[in-house]
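Single-structure report; data block below.
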Amino acid sequence: EFVRWTKVFDGHELIVSNVAGLKLIGAAKTPQLLAKPRYANVLTFDGCTDIALENLVLGHTPEGYCEGGVVRMSKCRDVTIDKCDLFGCGIEGLSLSDVAGLRFSHSTIRDCTYGIMTVSDSNDILMSDSSFIRNKEFGGFSFNKSRNIRLERCIIKDNMFDSLAANLFSVTSCSDIIISGGEISGNKYKGIMSPIDCVKIINTKIEGNTEPGAGER
């Protein structure tokens, strides 16, 4: 009773709803969870509590243009994502709406085609000891109407946001966003953040980043 399928343009998307205490944990050899429909998110959770994803590889099957993301969550509480690899094809790794209490650790978001993640109307989001690499196109982290977001000891590297309006961090009506430790290097973006001073960056190595069509920053 917790699972349903919804139709998308080229197939169906799996949605897990109103479940508590669900843990998807990969065995010693990391399993892959792959979606074939290009317009479907790989996993969608709606109204769930106490969810854990661990030791998993998640993305779409290799061929074709993609319009769906990797993991989407709405109205969820107390989520753990640990030792997971979220990859493109997938337009972005995480899409969070009305999520409270998410821990994303020792994990990677890579090679996504529109950006890294979108976080809206959410709070208490911690990303630690994780990597965000080789994502591209329209921008990196989009934070909207959210608070208490932390990135601790994370690597943000070799992302290529070629749009002239693309920022690494785009923030609207948020508070208490802090980046500490880690590295921001080898990226291409219009600006590191918009608006200015919307993100506090502490003890983080920042080097070798460039603007689209410009020299080194």
Side-chain angles (χ1 to χ4, degrees), residues 22-33 42-43 45 48 50-59 69-73 76-88 90 92-96 99-112 115-120 122-136 139-143 146-161 167-171 174-187 189 192-193 198-209:
L22 175 65
K23 299 181 181 358
L24 302 179
I25 301 176
K29 184 177 181 181
T30 306
Q32 295 184 338
L33 300 181
V42 178
L43 283 178
F45 296 90
C48 298
D50 187 22
I51 301 298
L53 305 177
E54 183 177 335
N55 197 38
L56 302 170
V57 177
L58 303 108
V70 184
V71 175
R72 180 181 179 274
M73 295 186 171
C76 291
R77 304 292 181 264
D78 302 324
V79 177
T80 299
I81 300 175
D82 185 46
K83 295 189 286 292
C84 288
D85 181 9
L86 282 58
F87 73 91
E92 61 181 0
L94 282 177
S95 303
L96 308 178
V99 171
L102 179 138
R103 301 293 177 264
F104 183 92
S105 60
H106 303 100
S107 296
T108 299
I109 294 177
R110 61 177 174 88
D111 303 308
C112 290
I116 296 172
M117 70 176 64
T118 298
V119 180
S120 302
S122 299
N123 62 82
D124 301 328
I125 308 297
L126 172 62
M127 290 163 271
S128 63
D129 304 291
S130 294
S131 298
F132 308 94
I133 57 176
R134 298 190 306 274
N135 302 286
K136 52 191 170 182
F141 300 83
S142 178
F143 300 139
S146 298
R147 61 180 177 82
N148 190 22
I149 299 173
R150 300 285 189 274
L151 275 73
E152 299 179 353
R153 302 175 302 280
C154 290
I155 304 298
I156 305 171
K157 188 175 182 179
D158 297 334
N159 299 284
M160 297 290 123
F161 305 124
N167 295 288
L168 185 60
F169 297 98
S170 296
V171 178
C174 293
S175 63
D176 201 17
I177 302 174
I178 299 177
I179 315 300
S180 62
E183 176 183 340
I184 301 173
S185 67
N187 303 285
Y189 48 66
I192 193 167
M193 67 181 75
C198 60
V199 176
K200 186 175 184 180
I201 300 178
I202 307 169
N203 298 325
T204 298
K205 182 168 76 171
I206 304 176
E207 65 179 16
N209 302 292

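For this chain, numbers begin at 1 and follow the sequence in order. FYI, side chains are in, hydrogens and waters are out, and symmetry mates aren't considered; it's all heavy atoms of this structure.
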Does K29 have any salt bridge (Lys or Arg N to Asp or Glu O under 4.0 Å) partners at least two apart in sequence or in another chain, and if so, which? none
Considering non-hydrogen atoms only, spot the tightest contact between V99 and R77 and give its length. CA-NH1, 3.9 Å
Of all residues at least two apart in sequence or in a different chain, which pass the side chain to side chain contact (heavy atoms under 4.5 Å, CB included) check with I155? S131, K157, E183
Kindly give the heavy-atom pair with the smallest separation between V42 and G59, and that separation in Å. CG2-O, 3.3 Å
Roughly how far apart are D158 CG and N187 CG, rounded to 0.5 Å? 7.0 Å
Check whether any side-chain heavy atom of C154 sits under 4.5 Å from a side-chain heavy atom of F132, and report yes or no. yes
Please tell me if the side chains of I184 and Y189 come closer than 4.5 Å, counting only heavy atoms from C-beta onward. yes
Considering only distance and modelled atom types, tabulate donor-acceptor pairs under 3.5 Å from the side chains of residues 79-86, sequence neighbours left out.
| unit_1 | atom_1 | unit_2 | atom_2 | d |
| --- | --- | --- | --- | --- |
| D82 | OD1 | S105 | OG | 2.7 |
| D82 | OD1 | H106 | ND1 | 3.4 |
| D85 | OD1 | R110 | NE | 2.9 |
| D85 | OD2 | R110 | NE | 3.1 |
| D85 | OD2 | R110 | NH2 | 3.0 |

Listed by chain and number, what are the side chain to side chain contact (heavy atoms under 4.5 Å, CB included) partners of R150, not counting sequence neighbours? L126, N148, E152, D176, I178
Beyond-backbone contact of K200 with I202, side-chain heavy atoms, under 4.5 angstrom: yes
With rounding to the nearest 0.5 Å, note down the distance linking CG in L58 to CG in L53. 6.5 Å
P31 side chain reached by L56 side chain, heavy atoms, under 4.5 Å: yes
Does F161 have any ring pair (Phe, Tyr, Trp, His ring centres under 6.0 Å) partners at least two apart in sequence or in another chain, and if so, which? none
So M160 and N135, do their side chains get closer than 4.5 Å, heavy atoms only? no
Across all chains, not counting sequence neighbours, the side-chain hydrogen bond (donor to acceptor under 3.5 Å, both in side chains) partners of S170 are none
